[in-house]
Structures are given as C-alpha cells and as structure tokens.
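Below: one structure, written as structure tokens.
Residue numbers begin at 1 in each chain, while the letters A, B, ... track the order of the sequences. In this text the structure is predicted, and so the values were computed from the model without any measurement.
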Number of protein chains: 2
Amino acid sequence: MPEFIDVHRGMTGITPEVLKEVNQANRAIQDEEGVNFKQAWADPESGLVWCLSEAPNAEAVKRIHERAGSPTEEVYSVPVQV
Amino acid sequence: MPEFIDVHRGMTGITPEVLKEVNQANRAIQDEEGVNFKQAWADPESGLVWCLSEAPNAEAVKRIHERAGSPTEEVYSVPVQV
C-alpha cells in the first residue's frame with residue numbers, strides 16, 4: 001500500500017489531547033476510504049503537524065481529513081524511504 | 001530524548017539509492033552530536049524529504065546535516081505525537 005505524509009499548518013499551541021482527538025476523528029472513518037493513519041507528529045511552536053498514512057491514493061487521505069475536520073491540500077506520496 | 005522532524009526541499013527525482021547515501025552520510029557522523037536518525041521519507045515528485053531523529057536539540061541535527069552535505073534550516077521539535 002502506498003504511503004503518504006500530509007502537512008497541516010496553523011496548529012500553534014497544539015496539545016497531546018488535541019492531537020489525539022484529531023487523530024481519533026480521522027481513524028473513526030478511515031476504513032471508508034481504505035486509509036490507515038499510522039503516526040502523527042506536532043510542533044506546538046511552529047504549528048506544523050505531519051501525519052504518516054497508508055492509503056490507496058492521496059485523494060483518499062484528503063477526503064478523510066476533510067470529513068474529519070482537519071482538511072489539508074498538502075498530501076505527499078513517499079515511495080522513497082529509509 | 002527529544003525528537004525532531006526536518007525538511008529538505010529541491011530533491012526532485014530523488015531515488016532510493018540517493019536517499020540511502022544521504023542517510024548513511026548523516027548516520028556516519030551522528031554520534032558526534034548525540035543524534036539518531038530514525039527514518040526518512042521522500043517524495044520524488046515534489047522534491048520534499050522529511051527526516052525523523054532523536055537529538056539533544058535542533059542545532060545538533062542542523063550541524064550533522066550541514067557537515068554531511070544535506071543542510072537545512074527547517075528542523076522542528078515534535079514533542080506532541082500520536
């Protein structure tokens with residue numbers, strides 16, 4: 001399954017509780033698009049958040065994020081990994 | 001140990017071999033700054049690369065990347081994770 005990294009901005013001050021809630025909202029519906037959110041990392045200072053997922057394609061990741069209330073246009077395929 | 005995500009740009013067309021070489025160059029000297037590069041993901045289309053590391057601080061990550069020939073100013077602390 002292809003993997004993707006998506007980027008969210010403007011989450012300055014994000015707490016572990018908020019990231020957990022956002023993640024749970026995405027995971028609650030991810031099966032409907034065949035997406036599997038694997039990990040997420042957040043920097044409260046810059047407000048940047050990165051999610052790592054497996055999905056059939058980038059559009060599926062975008063749709064889940066949008067429906068779960070955390071939309072982003074920045075979804076990148078990451079076929080090259082170490 | 002704090003964790004960091006750093007971002008590299010302009011790596012359009014990056015291959016698994018190139019990412020492996022860059023990663024090895026960083027790992028070869030990482031102990032000198034107490035850094036541990038854990039994973040890296042690359043999107044050959046956008047030219048974006050993300051590295052996940054453990055390190056004492058962001059400056060240590062920057063110094064290793066600079067000395068290894070893959071400098072970046074974009075090193076973010078990621079204390080919030082799911």
Side-chain angles (χ1 to χ4, degrees), chain A residues 1-28 30 35-55 57-59 61-62 64-65 68 70 72-82, chain B residues 1-28 30 35-55 57-59 61-62 64-65 68 70 72-82:
Chain A
M1 181 91 85
E3 295 201 333
F4 298 87
I5 284 183
D6 61 73
V7 186
H8 303 258
R9 300 173 189 276
M11 301 294 286
T12 309
I14 187 168
T15 62
E17 292 68 29
V18 168
L19 185 63
K20 197 172 289 182
E21 279 170 28
V22 171
N23 186 252
Q24 282 172 347
N26 281 286
R27 292 186 64 87
Q30 67 181 7
V35 177
N36 177 26
F37 285 101
K38 299 175 76 177
Q39 278 183 275
W41 301 268
D43 173 16
E45 199 175 310
S46 66
L48 287 163
V49 178
W50 297 266
C51 303
L52 175 66
S53 63
E54 295 175 322
N57 53 60
E59 291 307 315
V61 178
K62 283 185 196 174
I64 294 295
H65 269 317
S70 50
T72 179
E73 286 303 309
E74 294 181 74
V75 180
Y76 303 98
S77 174
V78 286
V80 177
Q81 302 191 14
V82 176
Chain B
M1 179 92 85
E3 294 200 332
F4 297 87
I5 283 183
D6 61 72
V7 186
H8 304 258
R9 298 173 190 277
M11 302 293 286
T12 309
I14 188 169
T15 62
E17 292 69 30
V18 167
L19 185 64
K20 198 172 288 183
E21 279 169 29
V22 170
N23 187 251
Q24 282 172 347
N26 281 286
R27 293 186 64 86
Q30 67 182 7
V35 177
N36 176 26
F37 284 101
K38 298 174 75 176
Q39 277 183 276
W41 301 267
D43 173 16
E45 200 176 309
S46 66
L48 287 163
V49 177
W50 298 266
C51 303
L52 175 67
S53 63
E54 294 175 323
N57 53 59
E59 291 306 316
V61 179
K62 282 185 195 174
I64 294 295
H65 269 317
S70 51
T72 179
E73 286 303 309
E74 293 181 74
V75 180
Y76 302 98
S77 174
V78 285
V80 177
Q81 301 191 13
V82 176

* Asked: Which heavy-atom pair separates B:Ser77 from A:Asp43 by the least distance, and what is that distance?
  -> O-CB, 3.0 Å
* **Part of A:Leu19 within contact of chain B (heavy atom distance under 4.5 Å)** => both
* Asked: If we only count heavy atoms from C-beta on, is the B:Gln39 to A:Gln39 side-chain gap below 4.5 Å?
  -> yes
* What residues, two or more places apart in sequence or in another chain, satisfy side-chain contact (heavy atoms from CB on, under 4.5 Å) together with B:Asn26? -> B:Val22, B:Phe37, B:Ile64, B:His65, B:Ala68, B:Ser70
* Can you find a pair of side-chain heavy atoms, one from B:Val80 and one from A:Trp41, that are under 4.5 Å apart? -> no
* Qualifying residues under salt bridge (Lys or Arg N to Asp or Glu O under 4.0 Å), relative to B:Glu45, sequence neighbours excluded -> none
* Who among B:Val82, B:Val49, B:Val78, B:Ile5 has the most heavy-atom pairs with chain A under 4.5 Å? -> B:Val82
* Asked: Applying a criterion of heavy atom separation less than 4.5 Å, what residues of residues 9-17 of chain A form contacts with chain B?
  -> A:Ile14, A:Thr15, A:Pro16
* Asked: Among all residues two or more places apart in sequence or in another chain, which pass the salt bridge (Lys or Arg N to Asp or Glu O under 4.0 Å) test with B:Glu59?
  -> B:Lys62
